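A quick write-up on the structure given underneath.
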Amino acid sequence: MSRRIVICGGGAIGVAIAWFLSRRGAVPIVVERHAVAGAASGKSGGFLAFDWCRGTALDRLARRSFELHAELAEELGNPWGYRRLETYAGYAAENEGDSGPGQRPWLSDSVSLSGQLGSPQTTALVEPYGFTTGLMRAAETHGAELRHGTVADLLHDKSGAARGVVLEDGETVEGDGVVIAMGPWSILATRWLPLPAVYGYKGHSLIFRTDDAIPGEALFLEYQEASGEVLTPELFPRADGTTWVCAVSSTSPLPVDPASVMGDEGAHARLEAMCRTISPALAAAPITARQACFRPVTDDGLPLIGRVPGVGGAYVATGHSVWGMLNAPATGEAMAELILDGAARRVDLRHFDPGRLKAFDPARLMSS
Ligand SMILES: Cc1cc2nc3c(=O)[nH]c(=O)nc-3n(C[C@H](O)[C@H](O)[C@H](O)COP(=O)(O)OP(=O)(O)OC[C@H]3O[C@@H](n4cnc5c(N)ncnc54)[C@H](O)[C@@H]3O)c2cc1C
């Protein structure tokens, strides 16, 4: 009989696990509260880098994942605009420049490029909503199931092992194992499992319809506002003729319902003002989306990928912070190996062992 694995959360991480499990003949059931790619996995930058995690515990995972992104785009017909691109660093200030031509036709003279950070061999981009929903559809063609529902508790067998989930409406979804992949909402699973804390860190972004006004060059900037405050915007021109720009982060609280995430007051206006200063092409382009989303962060900055200590059949994959889109495929591959073979072969998951951090006390959740 095929193994049935219940995956809580339809973000890039849950969906990538579903894809790799389904490819190996297991039956993943993704339970999603709001919408597949409805949170950060549909709104993030989708920037990928081969070797930007060198010297850290993430290096092997990131390199493997960069390779897998290229393979997945090739194998599945690239419905998510996977593209390789040049990547540059630069700086700008609101009070500098007279909006004349800059170092690129699409940049104003307030921007100085300071160096190249990546080449088409080492940096790439996906459109995250297309990637996450496309991978879910591909998993479904291999037998994965998608269920709409809010996971509210865990089902256990007599030995205490996880054997499925209970939804908010009382329905149950049974399986041979359960994976928590609810991004920053994984902290809610500390009510049912001994898991470390996961926090949400908010970011704002805009999408412009730029067509061919901006070439395939990603840009990481330091931008000083007239007030003296420094923002670190990122600009990613996508294969679909849009350009995604982010800046303005905040620690505002994570709403329990992923559908109610909204931008902080004034954040998008600030971002728009910055875009007009740095680029005449952006100043002239219509804005097609104003977005906000939360990335999942752990206490030591590394993801939680592995078995939940002390509870058979329970797994977690979250806390990927700024590299969740990059690291989704290698996380999915490693989790499928761990669940089906007992150990991951391609990457060493020891660094990401959930047991390395103290379990969060859910009483703190109720009181906050
Ligand atoms: C502004 C910004 C820019 C970023 N840019 C990049 C980038 O360029 N490159 C990169 O690699 N990474 C980037 N990231 C990081 C990346 O987006 C995240 O790490 C990644 O999306 C996390 O994926 P996830 O599947 O863990 O979580 P999420 O995408 O948050 O998905 C979790 C899912 O769980 C669901 N859920 C929640 N509660 C329940 C419940 N009770 N029952 C069922 N489902 C539930 C939610 O609805 C959601 O769909 C960026 C993040 C932000 C915020």
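For the single chain, residues carry numbers from 1 onward in sequence order. This structure is a prediction, so every number in the text was calculated from the model and none was measured.
- Looking at T318, its side chain never comes within 3.5 Å of a backbone N or O of M182 through a donor-acceptor pair.
- The side-chain heavy atoms of V297 and V198, taken from C-beta on, include no pair separated by under 4.5 Å.
- The backbone N or O of P280 sits nowhere less than 3.5 Å from a side-chain atom of S108 that would complete a donor-acceptor pair.
- Between P309 and P354, the closest heavy-atom pair is CD-CB, 4.3 Å.
- For residues 129-139, there are no salt bridge (charged side-chain N to carboxylate O under 4.0 Å, His left out) pairs, not counting sequence neighbours.
- At distances below 3.5 Å, at least one donor-acceptor pair connects side-chain atoms of W192 with backbone N or O atoms of A152.
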Side chain to side chain contact (heavy atoms under 4.5 Å, CB included) between E127 and T242, intermediate numbers included:
CA-CA 10 Å; E127 195 281 289; T242 63; 5.8 Å; no

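- Atom OH of Y82 has more than 12 heavy atoms from other residues, nucleotides or ligands within 6.0 Å.
- Evaluated for a side chain to side chain donor-acceptor pair (under 3.5 Å) with E333, the options R345, R23, R64 yield exactly one hit, R64.
- Taken together through direct or relayed side-chain contacts under 4.5 Å among Ile, Leu, Val, Met, Phe, Trp and Tyr, L155 and V31 form parts of separate hydrophobic clusters.
- Put simply, the side chain of K358 never gets that close to the backbone of P196: no donor and acceptor are under 3.5 Å apart.
- Considering all non-hydrogen atoms of both residues, G200 and P184 come closest at CA-CB, 3.8 Å.
- Within a 6.0 Å radius of CD in E74, other residues, nucleotides and ligands contribute 12 heavy atoms or fewer.
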I'd like to know whether R238 forms a salt bridge (Lys or Arg N to Asp or Glu O under 4.0 Å) with D240, so could you lay out the CA-CA distance, the side-chain angles of the two residues, the decisive distance to 0.1 Å, and finally the verdict.
CA-CA 5 Å; R238 294 178 166 166; D240 65 359; 5.7 Å; no

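- Each of L195 and L349 belongs to its own hydrophobic cluster when Ile, Leu, Val, Met, Phe, Trp and Tyr are linked at side-chain heavy-atom distances under 4.5 angstrom.
- Follow the hydrophobic side-chain contacts under 4.5 Å out from F66 and you reach V322 in the same cluster.
- Rounding to the nearest 0.5 Å gives a distance of 11.0 Å between CZ of F50 and CD of Q121.
- When side chains are defined from C-beta on, V111 does not count as touching Y88, because their heavy atoms never get closer than 4.5 Å.
- With a 4.5 Å cut-off on side-chain heavy atoms, F131 and P329 count as touching.
- Here W244 contributes atom CH2 and L206 contributes atom CG; the two are 9.5 Å apart, rounded to the nearest 0.5 Å.
- Evaluation of the side-chain hydrogen bond (donor to acceptor under 3.5 Å, both in side chains) test over residues 150-176, restricted to residues two or more places apart or in two chains, returns R147-E171, D157-S159, D157-R163.
- Residue M325 comes nearest to S44 through the heavy atom pair CG-OG, 3.1 Å, listed as atom of the first residue, atom of the second, then distance.
- In this structure, I5 and Y315 have side chains that are not in contact, with every pair of non-hydrogen atoms separated by 4.5 Å or more.
- Residues L282 and I207 fall into different hydrophobic clusters, defined by Ile, Leu, Val, Met, Phe, Trp and Tyr side chains chained together at heavy-atom separations under 4.5 Å.
- Atom CG of L188 sits about 11.5 Å away from atom SG of C8, to the nearest 0.5 Å.
- The distance from the CD atom of E337 to the CZ atom of R346 is 7.5 Å, given to the nearest 0.5 Å.
- Judged by distance alone, with hydrogens and angles left aside, the side-chain atoms of S41 form a donor-acceptor pair with the main-chain N or O of A12 at under 3.5 Å.
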Determine, step by step, whether T277 and M274 satisfy the side chain to side chain contact (heavy atoms under 4.5 Å, CB included) criterion, reporting the C-alpha distance in whole Å, the side-chain angles of both residues, the deciding distance to 0.1 Å, and the verdict.
CA-CA 5 Å; T277 308; M274 180 202 73; 5.7 Å; no

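- In the displayed structure, E67 atom CD is contacted under 6.0 Å by more than 12 heavy atoms of other residues, nucleotides or ligands.
- The closest donor-acceptor contact from the side chain of S205 to the backbone of C246 lies at 3.5 Å or more, if one exists at all.
- Counting heavy atoms from C-beta outward, P255 and V261 have side chains that approach closer than 4.5 Å.
- Here ring-ring contact (aromatic ring centres under 6.0 Å, His included) pairs that include residues 196-222, with residues two or more places apart or in two chains, are F47-F220, W52-F220, H204-H268, F220-F236.
- Side-chain atoms of W185 come within 3.5 Å of backbone N or O of V256 as a donor-acceptor pair.
- Looking at every heavy atom in both residues, A18 comes nearest to V30 through CB-CG2, 3.7 Å.
- A continuous path of hydrophobic side-chain contacts links L61 to I339 [ILVMFWY only; heavy atoms under 4.5 Å].
- Residues L107 and L113 are in side-chain contact: their nearest non-hydrogen atoms beyond the backbone lie under 4.5 Å apart.
- Distance check: D257 CG to R33 CZ gives 4.5 Å after rounding to the nearest 0.5 Å.
- Checking L68, L135, L340 one by one against F20, the side chain to side chain contact (heavy atoms under 4.5 Å, CB included) holds for a single residue, L68.
- Side-chain contact check for L235 versus I278: some heavy-atom pair is nearer than 4.5 Å.
- In terms of heavy-atom proximity, A317 sits nearest to I13 at O-CG2, 3.4 Å.
- You'll find the side chain of T331 stays beyond 4.5 Å of the side chain of S65, heavy atoms only.
- With hydrogens and angles ignored, the 3.5 Å screen pairs a side-chain donor or acceptor of S2 with a backbone N or O of G25.
- For the pair K202 (side chain) and M262 (backbone), a donor-acceptor distance under 3.5 Å is present.
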Go through the steps for L302 and R356 under the test side chain to side chain contact (heavy atoms under 4.5 Å, CB included), then give the verdict.
CA-CA 11 Å; L302 291 176; R356 74 185 186 279; 3.5 Å; yes

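- Remark: side-chain polar atoms of W19 are not paired, donor with acceptor, to backbone N or O of H142 under 3.5 angstrom.
- Rounding to the nearest 0.5 Å places CG of L48 at 6.5 Å from CG of L125.
- Taking the charged nitrogens against the carboxylate oxygens, R54 and D51 do have a contact shorter than 4.0 Å, which makes a salt bridge.
- A salt bridge is defined here as a Lys NZ or Arg NE, NH1 or NH2 lying under 4.0 Å from an Asp or Glu carboxylate O, and R270 with E229 meets this definition.
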Run the side chain to side chain contact (heavy atoms under 4.5 Å, CB included) test on L219 and W106 for me, step by step, so that the C-alpha distance in whole Å, both residues' side-chain angles and the decisive distance to 0.1 Å come before the verdict.
CA-CA 12 Å; L219 191 57; W106 63 278; 3.9 Å; yes

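- For the residue pair P303 and L58, the shortest heavy atom distance occurs at CD-CD2, 3.7 Å.
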